[in-house]
Peer 1: 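Structure incoming, see below.
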Amino acid sequence: YGRIGNHHKHPGGRGMSGSKHHHKTWVNRWHPGYFGKCGMRQFHLLRNRTWAPAINVNEIWRLVPDKIRKEVLKPENKDKAPFVDIVEAGYSKVIGKGRIPQKPIVVRARFFSKTAQDKIRSVGGRCLLRA
């Protein structure tokens with residue numbers, strides 16, 4: 001009891017108060033870059049127009065279901081090729097990083113890089129564009 005050592009309500013202020021004054025060193029230490037600006041303003045930013053997540057060529061075969069993959073990779077099914085729609089899997093662009101199995105595959109996407117097209121076509125596959 002007594003008046004010494006009591007818990008007083010908000011001795012430094014509530015929330016971010018004092019972040020430009022008596023809590024400035026705390027903000028600079030634990031939240032560097034909190035104040036200031038970065039980049040240019042774009043007044044009417046439409047994020048849908050720049051949405052284009054990419055997938056590498058070596059990851060395309062993991063989008064093929066297991067049952068279809070086992071069926072296609074059998075040696076007697078040389079003329080069969082799986083069809084993969086990249087956009088339905090949440091991607092938009094196919095990029096040419098990595099290796100691709102020596103089996104044809106049909107890929108439909110919004111964008112293809114030049115190397116991705118070359119690698120898919122080199123194994124006998126097709127690159128189809130979609131909206």
Side-chain angles (χ1 to χ4, degrees):
Y1 300 107
R3 63 190 173 91
I4 298 172
N6 287 343
H7 175 79
H8 295 285
K9 297 255 175 131
H10 301 282
R14 295 178 187 238
M16 291 292 287
S17 68
S19 56
K20 288 193 172 179
H21 305 284
H22 56 285
H23 289 159
K24 189 168 200 162
T25 56
W26 176 85
V27 173
N28 287 339
R29 176 187 289 174
W30 300 111
H31 303 284
Y34 179 79
F35 293 113
K37 298 176 182 177
C38 182
M40 292 168 49
R41 291 197 300 168
Q42 188 172 345
F43 293 120
H44 189 57
L45 182 62
L46 301 170
R47 293 201 186 276
N48 282 344
R49 294 181 180 176
T50 59
W51 179 85
I55 186 171
N56 290 322
V57 165
N58 59 350
E59 298 174 354
I60 288 177
W61 273 89
R62 70 177 172 81
L63 300 177
V64 180
D66 289 335
K67 185 178 177 184
I68 297 174
R69 186 185 311 138
K70 289 177 184 173
E71 182 71 28
V72 170
L73 292 177
K74 289 180 183 176
E76 61 267 12
N77 293 334
K78 288 186 177 180
D79 55 344
K80 288 189 177 180
F83 173 78
V84 178
D85 194 342
I86 298 296
V87 179
E88 289 180 7
Y91 299 98
S92 176
K93 188 186 302 183
V94 182
I95 296 177
K97 180 183 177 185
R99 293 182 181 174
I100 190 168
Q102 294 296 316
K103 280 282 190 177
I105 185 169
V106 180
V107 183
R108 186 163 72 179
R110 290 184 180 171
F111 307 102
F112 289 92
S113 71
K114 192 75 173 171
T115 54
Q117 281 183 337
D118 294 341
K119 288 183 181 182
I120 292 171
R121 289 177 179 156
S122 68
V123 296
R126 295 284 309 273
C127 299
L128 306 177
L129 293 174
R130 68 165 277 176

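Residues take their numbers from the sequence shown, with the count starting at 1.
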Peer 1: Are Val87 and Ile105 co-members of a hydrophobic cluster defined by side-chain heavy atoms under 4.5 Å apart?
Peer 2: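 No, Ile105 does not connect to Val87 through the hydrophobic network.
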Peer 1: Is there a path of hydrophobic side-chain contacts, each under 4.5 Å between heavy atoms of I/L/V/M/F/W/Y residues, joining Val106 to Leu63?
Peer 2: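 No, Leu63 and Val106 fall in different hydrophobic clusters.
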Peer 1: Let me have the donor-acceptor pairs involving side chains of residues 118-125, under 3.5 Å, with sequence neighbours excluded, atom names and distances please.
Peer 2:
{"unit_1": "Lys119", "atom_1": "NZ", "unit_2": "Gly96", "atom_2": "O", "d": "2.7"}
{"unit_1": "Lys119", "atom_1": "NZ", "unit_2": "Gly98", "atom_2": "O", "d": "2.8"}
{"unit_1": "Ser122", "atom_1": "OG", "unit_2": "Asp118", "atom_2": "O", "d": "3.4"}
{"unit_1": "Ser122", "atom_1": "OG", "unit_2": "Lys119", "atom_2": "O", "d": "2.8"}

Peer 1: Which pair of heavy atoms, one from Pro75 and one from Lys78, lies closest together, and at what distance?
Peer 2: O-CG, 3.3 Å
Peer 1: Taking atom NZ of Lys103 as the centre, report whether more than 12 heavy atoms of other residues, nucleotides or ligands fall under 6.0 Å from it.
Peer 2: yes
Peer 1: Does Ile95 share a hydrophobic cluster with Val107, counting links as ILVMFWY side-chain heavy atoms below 4.5 Å and allowing steps through other members?
Peer 2: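 The answer is no; the residues belong to distinct hydrophobic clusters.
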Peer 1: Show the numbers, then the answer: is there a side chain to side chain contact (heavy atoms under 4.5 Å, CB included) between Glu88 and Arg130?
Peer 2: CA-CA 11 Å; Glu88 289 180 7; Arg130 68 165 277 176; 4.3 Å; yes
Peer 1: Going from CZ on Phe112 to CD1 on Ile86, what distance comes out if it is rounded to the nearest 0.5 angstrom?
Peer 2: 7.0 Å
Peer 1: I need the minimum non-hydrogen distance between Ala52 and Ser92, along with the two atoms involved.
Peer 2: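 Of all heavy-atom pairs spanning Ala52 and Ser92, the closest is CA-CB, 3.7 Å.
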Peer 1: Do His23 side-chain atoms and Ser17 backbone N/O form a donor-acceptor pair below 3.5 Å?
Peer 2: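 Here the side-chain-to-backbone pair exists.
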Peer 1: What residues form a ring pair (Phe, Tyr, Trp, His ring centres under 6.0 Å) with His22, not counting sequence neighbours?
Peer 2: none
Peer 1: Within this structure, what is the CH2-NZ distance for the pair Trp51 and Lys93, rounded to the nearest 0.5 Å?
Peer 2: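 The CH2 atom of Trp51 sits 11.0 Å away from the NZ atom of Lys93.
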Peer 1: Are Leu129 and Val94 linked, directly or through other ILVMFWY residues, by side chains that come within less than 4.5 angstrom of each other?
Peer 2: yes
Peer 1: Under a 3.5 Å distance rule, please check whether Arg110 uses its side chain to pair with a backbone N or O of Ala131 as donor and acceptor.
Peer 2: yes
Peer 1: Are Thr25 and Arg29 close enough that some pair of their side-chain heavy atoms sits under 4.5 Å apart?
Peer 2: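 The answer is no, as the side chains (C-beta and beyond) never meet within the 4.5 Å cut-off.
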Peer 1: Quick check on Arg126: does its CZ atom have over 12 non-hydrogen neighbours (other residues, nucleotides or ligands) under 6.0 Å away?
Peer 2: no
Peer 1: Please report the C-alpha distance between Val72 and Val64 in whole Å, then the side-chain angles of each, then the deciding distance to 0.1 Å, and finally whether the side chain to side chain contact (heavy atoms under 4.5 Å, CB included) criterion is met.
Peer 2: CA-CA 10 Å; Val72 170; Val64 180; over 6 Å; no
Peer 1: Apply side chain to side chain contact (heavy atoms under 4.5 Å, CB included) to Ile68 and Phe83, showing your working.
Peer 2: CA-CA 10 Å; Ile68 297 174; Phe83 173 78; over 6 Å; no
Peer 1: Grouping I, L, V, M, F, W and Y whenever their side-chain heavy atoms are under 4.5 Å apart, do Phe35 and Trp30 come out in a common cluster?
Peer 2: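 As far as the 4.5 Å side-chain criterion goes, Trp30 and Phe35 are connected within one cluster.
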Peer 1: Quick one: OH on Tyr34 to NZ on Lys24, what's the gap to the nearest 0.5 Å?
Peer 2: 13.5 Å
